[in-house]
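Letters go in sequence order (proteins before strands), and every chain restarts at 1.
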There are 2 protein chains.
Amino acid sequence: MNRELLKGHSELIILAALAQRPMHGYSLSEHIKSQVPETFKFGVGMIYPLLHRLEQKNLIRGVWQGPGGMRRRVYSLTARGKKALAAKRDEWQTFQSMMTNVAIPTR
Amino acid sequence: MNRELLKGHSELIILAALAQRPMHGYSLSEHIKSQVPETFKFGVGMIYPLLHRLEQKNLIRGVWQGPGGMRRRVYSLTARGKKALAAKRDEWQTFQSMMTNVAIPTR
DNA sequence: TCTCAATATATCGCATAACGATATATGAAC
DNA sequence: GTTCATATATCGTTATGCGATATATTGAGA
């Protein structure tokens with residue numbers, strides 16, 4: 001399976017997942033693995049840079065859980081993140097219908 | 001609009017267009033421009049590397065038009081290209097439904 | 001108690017490819 | 001004969017997917 005298919009779409013996946021409930025990186029990875037086909041699953045090594053990127057863009061915010069137990073950073077959507085999610089959903093719909101129109105002939 | 005969205009999907013667009021009728025690079029570019037939204041249109045500079053790539057993979061084959069007139073290379077699908085197109089269409093359907101499931105909540 | 005697997009985060013490096021910019025040449029129209 | 005559309009080609013930048021690797025903690029079981 002082409003590994004470039006996800007390019008540019010992964011942020012939408014993360015934001016949509018975090019909109020359901022706040023999660024930390026590892027549980028997010030498990031969550032996504034459970035609901036997308038094998039070929040599309042994110043490696044853990046992909047999740048953290050993505051989360052850092054989204055936090056830098058102020059679309060999500062993470063807080064360290066503590067003080068007891070293993071350190072984990074739980075992320076949730078910011079106000080900007082919610083708007084971005086809506087925008088990315090629209091963007092996906094546009095892209096999706098364009099691709100389907102172009103690639104799949106109407107019979 | 002995110003410029004990474006197309007990653008990995010552009011070959012499908014080209015193959016699907018050439019399945020309709022053989023074209024050379026420039027007309028292909030015009031063809032695609034006419035049927036996809038502004039934000040997704042391919043610059044001409046994108047078309048030729050793509051065509052070279054597809055020809056190297058033996059999915060399309062180009063023949064120089066001649067001898068009179070401006071030089072132009074007309075591309076059409078090979079047998080392998082037709083199979084690849086079918087595979088990429090399936091791949092798109094899988095990707096498409098996965099993304100929609102994950103990104104757009106069912107109400 | 002010792003070990004191992006699962007949990008949890010982080011970062012490095014490679015490969016791929018979108019995409020704008022730029023170069024070059026021909027043909028047609030004015 | 002100058003300008004615009006046609007036609008192909010390539011370079012450099014940038015983004016990012018993704019595997020590999022490193023490190024630390026916790027809990028279960030032998």
Side-chain angles (χ1 to χ4, degrees), chain A residues 1-14 22-34 36-57 60 62-75 88 91 95 98-99, chain B residues 1-15 22-34 36-57 59-60 62-75 88 91 95 98-99:
Chain A
M1 179 83 64
N2 191 334
R3 288 149 178 195
E4 298 289 326
L5 295 187
L6 265 180
K7 275 269 162 87
H9 302 283
S10 55
E11 293 191 358
L12 171 52
I13 294 176
I14 303 288
M23 276 178 273
H24 60 276
Y26 190 83
S27 64
L28 191 51
S29 165
E30 295 297 304
H31 174 78
I32 292 173
K33 252 193 257 187
S34 76
V36 310
E38 185 77 12
T39 39
F40 291 121
K41 73 160 178 259
F42 290 30
V44 265
M46 254 182 81
I47 291 281
Y48 297 102
L50 251 167
L51 289 171
H52 298 336
R53 203 164 84 212
L54 289 169
E55 190 165 26
Q56 271 197 324
K57 289 187 194 172
I60 63 178
V63 288
W64 286 108
Q65 202 113 99
M70 208 182 292
R71 71 182 197 143
R72 47 166 71 166
R73 193 166 172 81
V74 175
Y75 292 93
K88 278 172 190 296
E91 200 176 73
F95 181 75
M98 179 278 282
M99 277 297 296
Chain B
M1 180 83 64
N2 191 333
R3 289 151 179 191
E4 299 288 326
L5 296 187
L6 263 180
K7 276 270 163 85
H9 302 284
S10 55
E11 294 191 358
L12 171 52
I13 294 176
I14 303 288
L15 292 178
M23 276 177 273
H24 59 277
Y26 189 83
S27 65
L28 190 52
S29 164
E30 295 298 304
H31 173 80
I32 292 173
K33 252 192 258 186
S34 76
V36 309
E38 184 77 12
T39 40
F40 291 121
K41 74 160 178 258
F42 290 31
V44 264
M46 256 182 80
I47 290 283
Y48 296 103
L50 251 167
L51 289 172
H52 298 338
R53 203 164 84 212
L54 289 169
E55 190 166 25
Q56 272 196 321
K57 290 189 197 173
L59 303 185
I60 62 178
V63 286
W64 286 108
Q65 202 112 98
M70 207 183 294
R71 74 183 194 138
R72 48 166 71 165
R73 193 166 173 82
V74 176
Y75 292 93
K88 277 171 191 294
E91 200 176 72
F95 180 76
M98 178 277 282
M99 276 298 296

Student check: side-chain heavy atoms of A:F42 and A:L50 closer than 4.5 Å: yes

Side-chain heavy atoms of A:E11 within contact of A:K88, under 4.5 Å: yes

Residue whose nearest DNA chain D nucleotide is more 5′ - B:E30 or B:H52: B:E30

Assert: residue with more 5' nearest nucleotide on DNA chain D, out of A:V44 and B:V44, is B:V44

Just N and O in the side chain of B:Y26: are any of them under 4.0 Å from OP1 or OP2 of D:dT8? no

Would you indicate, yes or no, if D:dG17 has its OP1 or OP2 atom less than 4.0 angstrom from a side-chain nitrogen or oxygen of A:S10? yes

Report the distance from atom [atom1] of [X] to atom [atom2] of [N], rounded to the nearest whole Å.
X: B:H24; N: C:dG27; atom1: NE2; atom2: C1'; result: 13 Å
X: B:I13; N: C:dC19; atom1: CD1; atom2: C1'; result: 14 Å
X: B:L50; N: C:dA18; atom1: CG; atom2: C1'; result: 9 Å
X: B:I14; N: C:dA17; atom1: CD1; atom2: C1'; result: 13 Å
X: A:I47; N: C:dT11; atom1: CD1; atom2: P; result: 15 Å
X: B:L51; N: C:dA18; atom1: CG; atom2: P; result: 12 Å

Please pick, from [options], the nucleotide with the shortest atom-to-atom distance to any side-chain atom of [X].
X: B:R53; options: C:dT9, C:dA17, D:dT16; answer: C:dA17
X: B:M46; options: C:dT11, C:dC19, D:dG17; answer: C:dC19
X: B:M70; options: C:dT26, D:dT8, C:dA10; answer: C:dT26

